[in-house]
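Letters A, B, ... mirror the listed sequences (proteins, then strands); counts begin at 1.
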There are 2 protein chains.
Amino acid sequence: MAKGQGLDDQLCFALYAASRAMTRAYQPLLDPLGLTYPQYLTLLTLWEDDGQRVSALGERLHLDSATLTPLLKRLEAQGLVTRRRSSQDERVVQITLTEAGWDMRQRAGHIPLAMLCHTGLELGELAALREQLKTLTARIRA
Amino acid sequence: MAKGQGLDDQLCFALYAASRAMTRAYQPLLDPLGLTYPQYLTLLTLWEDDGQRVSALGERLHLDSATLTPLLKRLEAQGLVTRRRSSQDERVVQITLTEAGWDMRQRAGHIPLAMLCHTGLELGELAALREQLKTLTARIRA
DNA sequence: CACGATTCAATCGTGCGCAAATTAATCGCC
DNA sequence: GGCGATTAATTTGCGCACGATTGAATCGTG
């Protein structure tokens, strides 16, 4: 049996397992807000930069419109965002936070710190791991 | 604006993005074999330990039977595994690799090294990152 | 101005991922 | 042996992800 071929030797499985564990860890915090994990990430993006078009959100989150369109419709149905065609360019749909969408920012404000505690990582460890993952992601995508 | 609240500050997003980037990177290698990424991980598990029951696979992969049952049916439809009820306990379904399932191990044998090259990581870096992710996963699940 | 190429979002089809409900078999305890 | 509790897998329903296609608006070039 060649070495490095087992499930537990694979970085890909460690990533896959960690990512799903992380998603599950967020769920008890997001459920009371009526949000899913990708919806929360989408709101994080909008809180940083409101009024983005769908394609810009997609570039930021690395999701395509086939994923975002229905997700944004669900956020709209919850009254958190509005979807409006640009008058300058009718192809473009701009996503804008509603009052409730901005309010959600406060309601979700405790989540990052709660998750930081949950991971049990020092701030420095967290930053180091995050940067390693970003580097890895950039290399993989290249 | 509070610090540590932005999308790019979140470890969760770095993990989420890295995991999906990794999955996409495997795809060109798996497509010719007719496998998806979770199917490949499932086969890795079976190559290590053939004849496992569905619940054992689930514990190994941290997937529940609602995910595995249809996935395993698709692997069975491709002729890579057989699903058979245990005669000792009719509730249990045992998953066994077929000849084609074992052959696939050779056909997929180049993938780990190819992906290692693709990440551009040294063996030591990879092992370190992998162990950090495992530790993180264990802490999150605790 | 015309018209092919491009861009943008939406749609369609497939395969996860997981909570909740279901069905069938086994276990435990009397 | 009988019967409620438990266990194993399946099914159902929903929300991502993503490749591929579509349809509409805009751009670019002649």
Can you sort out the partners of Ala114(B) under side chain to side chain contact (heavy atoms under 4.5 Å, CB included), two or more places apart, ordered by chain and number?
Leu29(B)
Within residues 132-142 of chain B, find the residues that approach DNA chain C with a heavy atom at under 4.0 Å, and present them sorted by residue number.
none
5'-most contact on DNA chain C (nearest-nucleotide basis), Thr67(A) vs Thr67(B), goes to Thr67(A)
The criterion is side chain to side chain donor-acceptor pair (under 3.5 Å); which residues satisfy it with Arg139(A), sequence neighbours excluded?
none
Going by heavy atoms closer than 4.0 Å, what residues in residues 79-87 of chain A are next to DNA chain C?
Arg83(A), Arg85(A)
Please list, in 5' to 3' order, the outermost nucleotides of DNA chain C lying under 4.0 Å from any heavy atom of chain B.
dG15(C) to dT26(C)
Residues in side chain to side chain donor-acceptor pair (under 3.5 Å) contact with His118(A), at least two apart in sequence or another chain
none
Partner set under salt bridge (charged side-chain N to carboxylate O under 4.0 Å, His left out) for Asp89(B), not counting sequence neighbours
Arg91(B)
Residues of residues 54-66 of chain A with a heavy atom under 4.0 Å from any atom of DNA chain D, listed by number, are His62(A), Leu63(A), Asp64(A), Ala66(A)
I need the residues from residues 70-78 of chain B with at least one non-hydrogen atom less than 4.0 Å from DNA chain D; give them sorted by number, or say none.
Lys73(B)
Checking Gln132(B) now: which residues fulfil side chain to side chain contact (heavy atoms under 4.5 Å, CB included) with it, not counting sequence neighbours?
Leu129(A), Gln132(A)
Contacts of Arg20(B) meeting side chain to side chain contact (heavy atoms under 4.5 Å, CB included) (sequence neighbours excluded), chain-then-number -> His62(A), Leu63(A), Tyr16(B), Arg24(B)
Expected list for residues 26-40 of chain B near DNA chain C, using heavy atoms below 4.0 Å, is Thr36(B), Pro38(B), Gln39(B)
